[in-house]
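What follows is a set of notes on a single structure, which appears directly below.
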Amino acid sequence: MTESPFVRVLLRVGTWLVLGFLYLPLVILAVYAFNESRALAWPPPGLTLHWFGEAAANPAVRAAFLNSIIAGSAATAIALVLGTLASLAVQRFAFFGRDTIAFALVLPIALPGVITGIALQTTFKTMGLNFGLMTIIIGHATFCVVIAYNNVVARLRRLPRTPEEASADLGADSWMTFRHITLPGMGTALLSGGLLSFALSFDEIIVTLFTAGAGTQTIPIWIFASIQRPTELPVVNVVALVLLLLSVIPVYLAQRIAGETAGVTR
Amino acid sequence: MTAPPGTPLAGQPDSDPARRAPAVTLEHLVKRFGEVDAVSGVDLEIRDGEFFSMLGPSGSGKTTTLRMIAGFETPTEGRILLHGKDVTGVPPFDRDVNTVFQDYALFPHMTVGQNVAYGLMVRRTPAAELASRTDDALRMVQLEGYEKRRPAQLSGGQRQRVALARALVNRPRVLLLDEPLGALDLKLREEMQIELKEIQGQVGITFIYVTHDQDEALVMSDRIAVFNRGLIEQVGTPADVYEHPLTTFVASFVGTSNLLSAAAARDILGMDGTFTVRPEKIRIGAPEDSVATDEHSALGRIREVVYLGADTRYIVALDAGGELIVTQQNLQASSMEALAAQGRVVRLIWQRQHVLALKGGTTTSGEAEGAET
């Protein structure tokens, strides 16, 4: 309010610098997706949609894309079911060690991905599981559960209890109350939690590296593997742009849906 | 404190003989939350078809008692009988009672029609019957044509009516109401009081009504139980509770507390104990006015005059110690005349029969008969 003009200018410049710092690389990436040339040169000599067609026709990209969709959907589905059950248990029932369990449920989000990855890999090996899409799904579900749990638990905390009591009072048993009252009340929290889970799974790389095995690629893994091959570079740019959009849009939607809800942040 | 016996204390001749089992029987009901006694031994019989109020300040145990009848809380000790059948361990959805909640607890994602039909829907009532009973219930609360609205589109009074219809549509034998009018403004509250009473007459079922508002309890109830600190202090008709309060608490909670105790009681009444005189039973006279043999009187000075429109309230500091409040209707007096009385020395006069002895506080025996004719 009382800053001098100098301070005001400084703050404005600083803000633009930060925004530029955050978004300039993304803009450059997006522009290069339309680059006519195979080489990185600024400014690009011309713009084309050619590489989009090339990417869509690439069998490895298509397989990786399908894997990412399957892994994201399956991990999200598992996370929503388990996260909802856990949040109901923690939020709706009092039991010994409840606070500890509530803490233990969110702790994995703070674990380094490398730790989660190597722990899962060791476990899968011990159990003799074949590495592939299934192990990726399990790996992704571990952190997606936390997201789903956080979203649902935040909602349950805000939902008044009396509609559930009213439902029981009107003759509905626990299951009917859950289905007709609690679940609709959690609806948007589930939706935003699901979108965030999916976005998180879709661009996950560390845990995936440890749990994917040799034959299975997701989109981020494909990018990571292809970036070293100069011939693939234009296609990598296109795929990266698509990945960017597919991860940002669900997060944006989730934020819109959840509104002021806390707990949507990862 | 000891629990007064739960059976009606006032000895009112029973106009509703025991040909039916009581709607609700509470036998030594106790509810403990951790170390705290919310309800510490309530015995009560609520008759079939009566409008029964549980009156008390917040934390007196009235709402917890209601929630135990509904089945939302399990009693720590004691039994609950509905129409003679023990339901102490029965979950809410298997009890033949319905509740109107203080915050209405409407289902926000359903329309008004779906809210009202909910109880019928979960009990798999045939579609035609469901529709006609829902319509009937909405008509009863004057909300025809609102079926398609959402609760968020309704006013507070309309939400209240939806909550009522949603409970009544199930035709429970007992309806529980937990301060249902608490969130409404005064005018609407008074309208709803009359309407609720009319609806109860129409459907003829037992209403159990929790409130902290003494006027509401007096206006609506057939009988009132006054709760204090987890116990019932008195059960009786509104007239009983108001005119013959048994304890200091009841006298002060129901109506204005006008207590005479210790020195004032000895000087003015010639008796030891705690006594009460209702403010409207006292008249204000000049100091030299004569006093009849069946009357008491006390000298004092009018400390404050509160003009209330239809009535004026005088707060009189007694020479013998303490204060009495006197209310008088402004039949002739203008506000100017009433306010001019401030500071005047007066003699307060009332009939001996209107003095009531109270239990609790510093009373000794506290038998009301001494003061009654």
Side-chain angles (χ1 to χ4, degrees), chain A residues 80 84 87-100 151-195 253-254 256-262, chain B residues 33-34 63 66-73 90-111 114-125 130 134 137 150-151 159 162-172 174-180 183:
Chain A
L80 286 179
T84 302
S87 58
L88 282 170
V90 166
Q91 193 56 32
R92 288 292 192 246
F93 300 99
F95 51 86
F96 178 75
R98 180 170 79 164
D99 294 343
T100 315
N151 267 268
V152 176
V153 99
R155 174 61 54 88
L156 286 178
R157 218 173 278 141
R158 287 191 308 152
L159 276 184
R161 290 302 303 278
T162 45
E164 292 179 5
E165 287 184 347
S167 170
D169 187 70
L170 294 165
D173 61 28
S174 312
W175 168 243
M176 285 192 276
T177 295
F178 177 75
R179 195 158 62 95
H180 293 300
I181 307 299
T182 316
L183 199 55
M186 300 189 311
T188 54
L190 288 174
L191 191 56
S192 72
L195 285 167
L253 289 177
R256 284 284 300 267
I257 291 163
E260 74 288 356
T261 313
Chain B
F33 294 108
T63 294
L66 192 83
R67 288 175 59 81
M68 286 193 279
I69 299 172
F72 304 135
E73 309 283 356
V90 175
F93 50 83
D94 283 333
R95 294 191 189 195
D96 195 10
V97 299
N98 285 118
T99 307
V100 177
F101 292 82
Q102 185 171 12
D103 66 353
Y104 316 142
L106 299 181
F107 308 134
H109 57 288
M110 296 184 190
T111 63
Q114 289 168 330
N115 264 280
V116 173
Y118 187 81
L120 302 174
M121 188 266 288
V122 297
R123 293 212 158 93
R124 309 205 191 293
T125 310
L130 179 140
T134 303
R150 300 262 166 179
R159 284 180 212 178
V162 175
L164 190 62
R166 185 178 68 176
L168 287 173
V169 78
N170 304 292
R171 298 177 185 157
V174 177
L175 185 71
L176 309 176
L177 302 105
D178 183 10
E179 309 218 12

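To find a chain, count down the sequence lines: A is the first, B the second, and so on, and within it residues start at 1.
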Inset, instruction - Decide yes or no for Arg92(A) and Arg161(A): does some side-chain heavy atom of the first lie under 4.5 Å from some side-chain heavy atom of the second? - result: yes
Inset, instruction - Answer yes or no: is there a side-chain heavy-atom contact under 4.5 Å between Met176(A) and Ile181(A)? - result: no
Legend entry - chain B contacts, top residue of Ser167(A), Pro184(A), Ser174(A) (heavy-atom pairs, under 4.5 Å): Ser167(A)
Counting only heavy atoms closer than 4.5 Å, note whether [X] contacts chain A via side chain, backbone, both or neither.
{"X": "Leu120(B)", "answer": "neither"}
{"X": "Arg166(B)", "answer": "both"}
{"X": "Asn98(B)", "answer": "both"}

Legend entry - CA sep, side-chain torsions, deciding dist, call: Arg155(A), Ser87(A), side chain to side chain donor-acceptor pair (under 3.5 Å): CA-CA 10 Å; Arg155(A) 174 61 54 88; Ser87(A) 58; over 6 Å; no
Legend entry - Chi angles and distances behind the side-chain contact (heavy atoms from CB on, under 4.5 Å) call for Leu156(A), Val90(A): CA-CA 10 Å; Leu156(A) 286 178; Val90(A) 166; over 6 Å; no
